There are 2 protein chains.
Amino acid sequence: MRILIADDHGLIREGLKKILLESLPFAEIHDVSDSAELFKKSIKEPWDIIISDISMPGYSGIEILKQIKTHVPNTPVLMLSMHSPEQYAVRAIKAGASGYLTKESAPYELVTAVQQILAGRKYITNRVAEVLASSLETDSSKLPHENLSDREFEVLKKLVEGKSVSEISEMLSLNINTISTYRARILDKMGLRSNADLIRYAIEHKISDL
Amino acid sequence: MRILIADDHGLIREGLKKILLESLPFAEIHDVSDSAELFKKSIKEPWDIIISDISMPGYSGIEILKQIKTHVPNTPVLMLSMHSPEQYAVRAIKAGASGYLTKESAPYELVTAVQQILAGRKYITNRVAEVLASSLETDSSKLPHENLSDREFEVLKKLVEGKSVSEISEMLSLNINTISTYRARILDKMGLRSNADLIRYAIEHKISDL
DNA sequence: ACCAATTGTAGTAACTTAACTACAAAAGCT
DNA sequence: AGCTTTTGTAGTTAAGTTACTACAATTGGT
């Protein structure tokens, strides 16, 4: 049983490991602390399951998830997040995740999720199922930011954190103009005019976790 | 040895517990998941150390820390945070914390910190020490924005409203560079780095009247 | 299966902002 | 009164951002 854990917080990695080892004492658990490493390791070696935080420095979790899924589509991935399900669950599941848990979850949920996924199933909590279901309904009832594409959303978050266009372009290894275009599309889709508006919106809708 | 852990994320609480138990196998570890509970439990029962996340729903960690410190001043508190030290370290230490760690920290740091604090000392990392030292240079009895001049404050408000440097320069019939200089001075005095920080600060301190 | 819309990406040119630097006037301290 | 710091103000140059345009790849709809 080979498990790969990805999270940028040392304490959290260690904690997850210990929780898992309690119920899967013979598991061979490896861990990585950033998305680049996660990507490399996930396609280079075989894993029974990958457990990854969704928000790590560098490439976003969703982005890496997609990458992993194109390279090793049969390796199941369980995404963990600090955020409330609405923010990411749908995106994660659509990108091929086998499950989605928030860190609020009780430890036994982690264990259950992992076991269920190892058994070839998906682990979708009620909360996520709900969100998923309602995401299929009319999108007229959607909040403006729910119409953003994954990339746009990713850029939105970074803008809200105060990152500049060029910083973001560097983080994502994209051209500055590309980020500028995303920003323009975000503003357009959300009917806003400035980064300040974006930040207010984000605070009001609890998009950022800062 | 009685340890109280406070964190709103179940997985994290559990992880911390397991990490601590490894080096302190006889510790009696309790945990709570929100600030109200933390407060109640921290003054009702005796603890050798309290380990608390700084950002929990409800009252902020700092607020609770202060409360705890007025009621049971001798119980040491170690604060944990997801955020970079600059944001909170100084405030936490001033409010009476015995130490400040980010969740990036390696597990052994947690253990070291706890042991050092249990031994009656404080645990201050280099990063935090640095920030702490430089915080003594400015007049810290005042809120950062109270050191702004009138013009600076005027510009601050407009920046927070989302006005661009050039718009402001036009409104005030001043050179663009002048506004740029004000902005730089504001950021400097307030120890912030971006307009995004400014907006967050403003919202938090209810500076703007929007 | 076909066409339209959206998404991910970047180039070029125009425009805006940041970083320094500077300096006189006002305020603050001794 | 004299020295120091802060404030109000801009110039120059370098760096960064926006606006517009474009186009292939995907997705979505019928």
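Lettering follows sequence order; numbering is per chain, from 1. Because the structure is a prediction, the values reported are computed rather than measured.
Remark: C1' of C/dT21 and CG of B/Asn175 are 14 Å apart, rounded to the nearest angstrom. Atoms CG (B/Leu159) and C1' (C/dT16) sit 14 Å apart, rounded to a whole Å. Remark: P of D/dG8 and CD1 of B/Ile168 are 15 Å apart, rounded to the nearest angstrom. Atom-to-atom, CG of A/Leu148 to P of C/dT6 comes out at 13 Å; the value is rounded to the nearest Å. Across the protein-nucleic acid pair, A/Ile179 atom CD1 and D/dA15 atom P stand 21 Å apart, rounded to whole Å. Whole-Å rounding puts the B/Glu154 CD to D/dG8 P distance at 9 Å. Distance CD1 (B/Ile186) to C1' (C/dT17): 14 Å, rounded to an integer number of Å. Taking atom CG of residue B/Leu172 and atom P of nucleotide D/dT7, one finds them 17 Å apart after rounding to whole Å.
For the residue pair B/Glu109/B/Tyr123, the side-chain donor-acceptor check at 3.5 Å is satisfied. A side-chain donor from one of A/Tyr100 and A/Ser81 sits under 3.5 Å from a side-chain acceptor of the other.
For B/Val165, whose side chain is taken as the heavy atoms from C-beta onward, the closest listed nucleotide among C/dT17, D/dA22, D/dG8 is C/dT17. Of the candidate nucleotides C/dT9, D/dG11, C/dT17, C/dT17 has the atom nearest to the side chain of B/Ser164.
Projected onto DNA chain D by closest heavy-atom contact, B/Ser173 and A/Arg183 fall at different nucleotides, the more 5' of which corresponds to B/Ser173. Between A/Ser180 and B/Arg151, the residue whose closest nucleotide on DNA chain D is further toward the 5' end is B/Arg151.
Scanning atom types as modelled, one donor and one acceptor separated by under 3.5 angstrom connect the side chain of A/Arg185 and the base of C/dT9.
In this structure, B/Tyr182 does not reach the D/dG8 phosphate: none of its side-chain N or O atoms is under 4.0 Å from OP1 or OP2. Remark: B/Lys189 is in phosphate contact with D/dT7, judged by side-chain N or O atoms under 4.0 Å from OP1 or OP2.
A/Arg193 CZ: 12 or fewer foreign heavy atoms inside a 6.0 Å radius.
Using a 4.0 Å heavy-atom cutoff across all strands shown, A/Ser166 reaches sugar-phosphate atoms only and no base atom. Note on B/Thr178: a base of the nucleic acid sits closer than 4.0 angstrom, heavy atoms only. As judged by a 4.0 angstrom heavy-atom cut-off over every strand, A/Asn177 is placed among the base-contacting residues. Within 4.0 Å of B/Thr181, counting heavy atoms only, lies at least one base atom of the nucleic acid.
The one candidate from A/Arg13, A/Lys18, A/Lys41 that meets the salt bridge (charged side-chain N to carboxylate O under 4.0 Å, His left out) condition with A/Asp31 is A/Arg13.
With respect to the salt-bridge test (charged N to carboxylate O, under 4.0 angstrom), the residues B/Lys158 and B/Glu161 do not qualify.
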